[in-house]
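Worksheet for the structure shown next.
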There are 2 protein chains.
Amino acid sequence: MTTQKILLTQTVQKGGCAAKVPAMELRKILGLVKFPPTNNFLLVDGSLFDDAAILKVNENLALVQTLDFFTPIVDSPYLFGKVACANALSDVYAMGGMPQTAMAILAFPTATMSNEIIAEVLQGAADLLTEVKVPLVGGHSIDDDTLKFGLSVTGYVHPEKIWSNAKAQQGDILILTKGLGTGTITAALKRAEVTEADITEALNSMTQANACLDLLNDDLASAIHAATDITGFGFLGHSVQMAKASKKTFQINVSDLPILPQAKEFLQKGFLTKAHRSNREYVAENVHYNSIDEILALLLLDPQTSGGLLLSVKKEKAEDILTALKKRFVKAAFVGNVIAEQKSSVELK
Amino acid sequence: MTTQKILLTQTVQKGGCAAKVPAMELRKILGLVKFPPTNNFLLVDGSLFDDAAILKVNENLALVQTLDFFTPIVDSPYLFGKVACANALSDVYAMGGMPQTAMAILAFPTATMSNEIIAEVLQGAADLLTEVKVPLVGGHSIDDDTLKFGLSVTGYVHPEKIWSNAKAQQGDILILTKGLGTGTITAALKRAEVTEADITEALNSMTQANACLDLLNDDLASAIHAATDITGFGFLGHSVQMAKASKKTFQINVSDLPILPQAKEFLQKGFLTKAHRSNREYVAENVHYNSIDEILALLLLDPQTSGGLLLSVKKEKAEDILTALKKRFVKAAFVGNVIAEQKSSVELK
């Protein structure tokens, strides 16, 4: 059966988030467009083409909406579907929301790719949706030169319980829920330096949904002040965004960061993406590196696909939250703390 | 400026809905997938990858969700964005819903297509969204070989005021809101037999949002029993679907059908798409043609992009509804009536 032989990463030039239009380029394009006015029901609309939007329905309910799709980042159709699904759901979880519906975005070469392969992509997504109890309610598919897959996801959140990325508080403890390194690891896969069998921990991480709320009681959930998910801009890029939005500085204990197996080895071997460089430029003025090792710096700049959540939590509840999260997220760890705003948004030590 | 020179339809092999994965093929793929379970809040979930889904929020509110994107069907970036937007919004209107948010789905060749062109595509969509008062709340863009654009749209509808396509009633009058012929007209454009300047009425039709509710008072709105929008399966394909779902037969007065200028001429010249044939096969057993002219048959099978709504309305209110709709939809017309179920779902006369 062809399904066993095809290596999806070899069917595309750019995989996963590397196929994303660069943020700077996108900003230039969006700067040329006069967008429709927003309205008072839009609680979060800011960053077009970026995070999730939030629409207030009534005093007790708001919708969290996000949309994400990309080219294959892994070789197996089933795993690709699952990673793409985990990645799309993540923006809803990162806002403190619970996903309610998903719609599929599918483009594939009908002439050269068998129905079985496409069905496996969908099955990967369907299985993860089943796990998190989200129905697939529709979608759209087109005939295209290369495979692309993703989802448009709508979730519910209480308007007063949104995990903004602007509410990290001085004294908070920072928790990261997944290990870093998917960028360099999938770069190694794309170069055929490894097979999927060699990187199972990274695959397990990328296919895991960022669902946290069901692990926490109300007391612990309300002790999470701010959150974001770590994706294309890497740990530093997203940390800087959150620290700046909160007008605080994040102190990161580099030695505490959870790391996926082989990530440092692959960075050492030079398995890099364009994003390693562009992420470094993106955060250049906002990070105080404190002469940390270059490989660790690259790891902090490594673009993540379906990365973990970075949570800023009340110090007194931090231990209990971490214990609860560790039941599902084995790599979850304290990675730093929040202090008053300094010259740099992020200080590494 | 490059914007004036590029003819988008010449940048792709298949334009608009012709790039859609054929329904039969899609059915085969979906048949291989075990989907996540639905739940009691999903009022409409049926046709995966097809119409809009409806999720009940509470007794007074439900969400209507749909997603649509395609390759250029017209040459101007601005018009393409507007057509794609009207087309995506249409499924929400066809359910009796009012769109609330939209998210952009964008793929384009960053290396060969200028920022100005992409901005114009977005501006076309943004202007139509402004007109119908829908904010663009996010989206996702990727670098790709060919341009694709569309939207994921969420609307509101009262759970008891959904325009199902299963509720056409015996004695109802059928109204079509837009002229037929966009399939053959855009085929002529793709072949460079005409320029956009020659087909302004078709362009105006495709860029018009299917918003009707604001033209109707409550009394008239509640006299609309069933609705669908006419798209890729053509007038006959969608009529058959609606008649079958309602377990009725639609009698169509072919001479009353609104037709776009040049449509018959282009059909005569053989400007056809694959869908003309596949639509004929799709409805073969359900339509009684009554020896109508072949060109009219082709028109009835013509795949529409951003086509009109087909409404099944209470006979006593039909005149008032048509008068109200004509203020915006100049081609709107009575096209037939609903009778008890016969051997054929649609009878042409």
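All figures in this text were calculated on a predicted structure; none of them were measured in a lab. Letters A, B, ... are given to chains in the order of the sequence lines, protein chains preceding strands, and every chain is numbered from 1. All heavy atoms count here, side chains included; hydrogens, waters and symmetry mates do not.
When only modelled atom types and interatomic distance are considered, Q65(A) and T154(B) share a side-chain donor-acceptor pair under 3.5 Å.
For the atom pair CG (N60(B)) and CG (N58(A)), the distance works out to 10.5 Å, reported to the nearest 0.5 Å. Going from atom CG of L55(A) over to atom OH of Y156(B) covers 4.0 Å, rounded to the nearest 0.5 Å. The CG atom of L122(B) sits 7.5 Å away from atom CD1 of I29(A), with the distance rounded to the nearest 0.5 Å. In this structure, F69(B) CZ and I142(A) CD1 are separated by 4.5 Å, a value rounded to the nearest 0.5 Å. Taking NE2 from H140(B) and CD1 from I105(A), the interatomic distance works out to 8.5 Å, rounded to the nearest 0.5 Å. Of the inter-residue distances, the one linking L151(A) atom CG with S152(B) atom OG reads 10.5 Å to the nearest 0.5 angstrom.
The shortest heavy-atom contact between Q123(A) and L32(B) is OE1-O, 4.1 Å. The minimum heavy-atom distance linking P135(B) with T38(A) is given by the pair CB-CA, 4.1 Å.
The side-chain contact (heavy atoms from CB on, under 4.5 Å) test with P36(B) singles out one residue from L128(A), V132(A), L136(A), and that residue is L136(A).
Electrostatic pairing of K34(A) and D127(B) does not count as a salt bridge here, judged by no charged N lying under 4.0 Å from a carboxylate O.
Residue K133(A): no heavy atom, backbone or side chain, is found under 4.5 Å from chain B. Both the backbone and the side chain of L129(A) come within contact range of chain B, each with at least one heavy atom under 4.5 Å from a heavy atom of that chain. Both the backbone and the side chain of V57(A) have a heavy atom closer than 4.5 Å to some heavy atom of chain B.
Side-chain contact between P37(B) and T130(A) is present, with at least one heavy-atom pair separated by less than 4.5 Å. Inter-residue side-chain proximity for L63(B) and L63(A) is flagged as met; some heavy-atom pair is nearer than 4.5 Å.
Counting heavy-atom pairs closer than 4.5 Å to chain A, the top-ranked of the candidates E25(B), Q100(B), K28(B) is E25(B). No other option in T110(B), I54(B), I118(B) has as many heavy-atom pairs under 4.5 Å with chain A as I118(B).
Within 6.0 Å of atom CZ in F41(A), 12 or fewer heavy atoms from other residues, nucleotides or ligands are found, so the atom counts as exposed in its surroundings.
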Does the side chain to side chain contact (heavy atoms under 4.5 Å, CB included) test come out yes or no for D144(B) and T146(A), once each step is laid out? CA-CA 9 Å; D144(B) 199 4; T146(A) 54; 4.1 Å; yes
